[in-house]
Amino acid sequence: MNADDGATSSKPAWRWLGGLQPLRKSRSLLWALLVLLVGSSLVLLIWLAGRYESSAAQERLEAYTADLATQMRQGMSRNLRSLQALQPDRDPAWQAHAHELLQQRRELIRVEWRDTELRPDRVSDSPYRPPAFESFDRSLSAADVGLACRAAQRFNAPAYSNSYFVPQSNGMGLELMDVCLPLMATGQLIGFTVATYALNDMLSELLGAQLTRGHAVSFAEADGTRLAMYGSAGSGRRLFVAQQLVDLSGNTLVLRLESRQGTADLFPNLLTALVTAMTLALCVVLLMLVRDMRRRLKVEHDLAEALAFRKAMENSLNTGLRARDLEGRITYVNPAFCQMVGVRAEELLHHRASPAPYWPPELANVYQDRQTFRMANKALPRGGHESVFMRSDGTRFPVLIIEAPLINALGKHTGWMSAVLDLSEQKRAEEISRASQDRLQATARLAMVGEMASLLSHELNQPLAAISSYANGSLNVLRDTQAALLTGTPEQRRLSGDLEMALRRIAEQAGRAGKVIKSVHDFVRRREQKREAVQPMDLIDAIMPLVSLQARKLGVRVVITAEPSCPQVLCDPTMVEQVLLNLARNGMQAMQAVPEQASDRVLHLRVQRSGKNGVEFSVTDVGEGIAEEVASQLFTPFFTTKDEGMGLGLSLCRTVVEQHGSSLSFKAHPPRGTVFAFTLSAATPDSPPPSQAALTPRLPAFFKP
Ligand code: ADP
């Protein structure tokens with residue numbers, strides 16, 4: 001990638017990243033807001049819960065105080081009833097009953113019977129403590145008692161005095177309160193029963209049994225001064241206080257309850273702690289979920305990438321991929337497979353197991369059996385197996401199928417995966433390679449034949465030269481002795497003439513044979529062949545002696561047709577003669593295969609003009625004709641249908657004709673037979689004239705035995 005590419009390709013990425021920045025910012029803002037919200041809701045929750053808890057505790061305390069006040073009132077009413085039962089005028093055992101009462105009610109420390117002038121008549125002190133007024137003059141509290149008794153007398157009902165402090169001999173003191181009950185007899189006041197309460201003992205005796213731990217109960221004045229107290233308020237940090245008025249005739253006591261509670265800390269109660277813990281746990285779970293989601297997203301992204309990569313890989317593959325389930329139904333195919341068989345994926349997927357649309361119908365049974373066997377035995381050939389598939393257009397093609405079991409993520413065998421390779425190209429390449437191998441072999445054999453021909457021509461040159469020399473020598477000798485022979489008998493003279501003629505022919509033919517050999521040698525060595533201007537009919541004439549000889553032998557009639565205006569042609573006459581001779585021979589041999597009357601066997605040699613500057617030579621027979629399978633190999637070296645044939649004739653003929661710039665063609669000759677033809681170009685005025693030897697009858701063809 002060059003610098004420009006880098007610049008252009010990175011631009012969108014930056015843009016993308018730029019677009020991501022505000023997104024990230026707003027996401028962090030959202031997160032901060034969420035944390036703030038959760039935090040403030042938690043604080044609010046804790047505060048509200050604390051407040052609720054406090055008010056609940058306060059309410060509980062208020063209710064408790066009310067209970068205690070009721071309890072206190074009940075206890076005092078009960079005491080009043082007991083005091084009213086003390087009748088000194090009728091009860092001689094007043095003292096004993098008063099004592100008994102003081103024994104039972106510890107909150108009462110003294111009971112007095114006073115006359116109408118409020119003078120103490122009888123007195124009984126509590127057996128549980130030293131007499132309260134031992135070191136304190138009782139008369140000092142007379143005013144309070146007097147007020148209470150006068151009020152009692154006025155209303156004819158019990159009345160209470162204000163509380164007052166009485167110091168004790170032990171340095172401590174007691175807060176006391178008197179209750180005065182007027183005693184009437186026949187409508188006349190006869191005296192007062194005065195009972196003295198110790199406020200401390202009132203609290204402990206009347207409420208002590210009910211008071212729970214962590215509570216302090218006290219009597220207080222309206223300004224908050226504590227008069228007496230019982231119990232402990234506990235050690236908590238928060239102090240809860242509740243008050244109740246205990247209304248008594250002549251006095252009103254304030255009952256005050258205190259309780260310290262230490263739980264009003266961060267989490268006032270279990271519920272708040274639970275809610276807080278659950279919220280925090282929720283946050284942690286949320287965070288974990290976000291992390292998990294991120295991880296999932298990453299995994300999904302990676303998975304999508306891997307999937308895209310796999311898809312691209314599958315699409316780029318030339319190999320067909322096919323997955324089948326255990327019933328043989330196709331569950332997956334890649335594009336290469338669809339392309340291979342020419343069927344769309346939708347038509348293949350979940351198609352019933354068999355026959356598959358790409359099975360050739362004639363092989364469907366075999367494939368079906370094979371599939372059933374494989375799936376039952378789970379036996380797959382290692383390295384795959386070859387098969388034949390059918391395209392949608394019906395053409396068959398060879399394939400190599402390599403199969404492997406499909407194992408899912410749980411390790412269960414769910415089907416089969418096959419890789420399918422189209423072997424058409426490979427087979428074609430093999431075919432081409434085999435053909436070229438054959439051609440190579442043929443070429444090698446041809447080269448060998450060429451070598452042999454070259455060797456032969458070299459070897460034959462010597463004896464032919466010797467024959468020619470001997471024939472010429474013999475002619476010379478004959479000429480020298482001719483004078484002597486002139487005197488001989490006519491028979492001797494005729495014999496001498498014949499001998500001379502024969503010797504001349506021997507010398508000529510030996511010379512001609514030498515030329516043929518040289519031509520062959522040149523042909524094999526591919527040297528520059530000589531070209532001469534020759535009359536077309538001369539070429540025919542040159543082969544006629546040999547053609548006639550064979551025609552007579554095979555019972556063939558030879559017909560020659562020549563256009564008189566044919567110009568001279570430029571060629572290597574020796575070679576062209578051999579071509580004509582070879583074609584004529586093939587034609588005559590082809591006619592042998594046809595069982596016909598000899599008169600029907602006609603070989604037609606024709607010479608005619610072709611175009612402006614050409615002369616066409618054709619050889620027509622009425623033989624068996626050339627079958628299609630023979631036609632395709634006609635010019636292949638060493639191809640022959642004859643027992644004694646070499647299969648080189650036509651191949652060499654074509655080479656010779658092509659060397660003359662033409663082509664050797666053939667076609668059927670209706671109704672029977674074949675026409676072989678080639679064209680030679682006409683000679684130009686500056687073409688070399690024919691040599692003498694070219695116009696003389698020729699030696700037997702070198703192409704044919
Ligand atoms: P050969 O004659 O030695 O067999 P050729 O190359 O001349 O070799 O011929 C090759 C084959 O071509 C022959 O074997 C014959 O089958 C076929 N052939 C050649 N000419 C003819 C023809 N005129 N008619 C029928 N078949 C022919």
Side-chain angles (χ1 to χ4, degrees), residues 10-68 211-218 220 224 226 229 231-244 255-308 409:
S10 64
K11 213 170 176 184
W14 281 115
R15 245 185 237 156
W16 181 75
L17 280 178
L20 213 64
Q21 288 300 330
L23 207 74
R24 275 200 192 143
K25 229 181 216 174
S26 67
R27 198 191 295 161
S28 347
L29 257 173
L30 277 175
W31 272 111
L33 204 67
L34 182 75
V35 169
L36 200 74
L37 269 174
V38 170
S40 45
S41 344
L42 267 183
V43 169
L44 194 69
L45 174 82
I46 293 167
W47 183 72
L48 281 175
R51 275 201 55 170
Y52 169 78
E53 191 69 14
S54 304
S55 66
Q58 184 66 39
E59 272 176 27
R60 274 199 306 277
L61 203 69
E62 300 272 359
Y64 189 32
T65 314
D67 280 354
L68 289 180
L211 200 67
T212 47
R213 266 173 72 100
H215 289 88
V217 65
S218 59
R226 203 178 281 147
M229 191 171 98
S232 160
S235 58
R237 282 200 291 167
R238 268 193 87 178
L239 178 68
F240 290 89
V241 180
Q243 300 189 140
Q244 278 284 326
L255 188 69
R256 181 183 162 112
L257 191 66
E258 291 174 12
S259 172
R260 280 189 179 278
Q261 292 186 8
T263 48
D265 286 337
L266 186 58
F267 301 110
N269 56 21
L270 184 67
L271 182 74
T272 320
L274 262 177
V275 170
T276 309
M278 278 170 72
T279 312
L280 288 177
L282 204 72
C283 287
V284 172
V285 170
L286 194 76
L287 278 176
M288 283 167 75
L289 267 176
V290 167
R291 256 182 69 186
D292 184 63
M293 210 158 73
R294 280 208 184 136
R295 234 182 264 162
R296 257 166 206 278
L297 274 176
K298 193 181 168 325
V299 170
E300 266 175 27
H301 179 261
D302 289 354
L303 208 69
E305 290 257 301
L307 210 70

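Shown here are the side-chain hydrogen bond (donor to acceptor under 3.5 Å, both in side chains) partners of Ser40, two or more places apart in sequence or in another chain: there are none. Residues passing the side-chain hydrogen bond (donor to acceptor under 3.5 Å, both in side chains) test with Asp292 are Arg296, sequence neighbours excluded. Checked against side-chain hydrogen bond (donor to acceptor under 3.5 Å, both in side chains), Glu59 has no partners two or more places apart in sequence or in another chain.
Rounding to the nearest 0.5 Å places CG of Leu29 at 11.0 Å from CG of Leu36. The CZ atom of Arg60 lies 9.0 Å from the OG atom of Ser55; values are rounded to the nearest 0.5 Å. Separating the OG1 atom in Thr279 from the CG atom in Leu274 is a distance of 10.0 Å, to the nearest 0.5 Å. The CD atom of Glu300 sits 10.5 Å away from atom CE of Met293, with the distance rounded to the nearest 0.5 Å. Rounding to the nearest 0.5 angstrom, the gap separating the CD atom in Gln58 from the CZ atom in Arg51 is 12.5 Å.
Heavy atoms only, all atoms of each residue included: Trp31 and Val290 are closest at CH2-CG2, 3.5 Å. Scanning all heavy atoms of the two residues, the minimum distance from Glu62 to Gln244 falls at O-NE2, 4.5 Å. For the pair Ser54 and Phe240, the tightest heavy-atom approach, listed with the atom from each and the gap, is O-CE2, 3.4 Å. In plain terms, the two heavy atoms of Ala233 and Ala216 that are nearest each other are N-CB, 3.6 Å.
Judged by distance alone, with hydrogens and angles left aside, the side-chain atoms of Ser259 form a donor-acceptor pair with the main-chain N or O of Gly214 at under 3.5 Å.
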Review point. Run the side-chain contact (heavy atoms from CB on, under 4.5 Å) check on Leu286 and Leu34 step by step: do they pass?
Key: CA-CA 11 Å; Leu286 194 76; Leu34 182 75; 3.8 Å; yes
Check your understanding: Can you list the steps and then say if Arg291 with Leu287 is a side-chain contact (heavy atoms from CB on, under 4.5 Å)?
Key -> CA-CA 6 Å; Arg291 256 182 69 186; Leu287 278 176; over 6 Å; no
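Across Val217, Val241, Thr65, a single residue satisfies side chain to side chain contact (heavy atoms under 4.5 Å, CB included) together with Arg256, and that is Val241.
A heavy-atom distance below 4.5 Å is found between the side chains of His215 and Leu61.
No hydrogens or angles considered: a donor-acceptor pair under 3.5 Å links the side chains of Thr212 and Tyr64.
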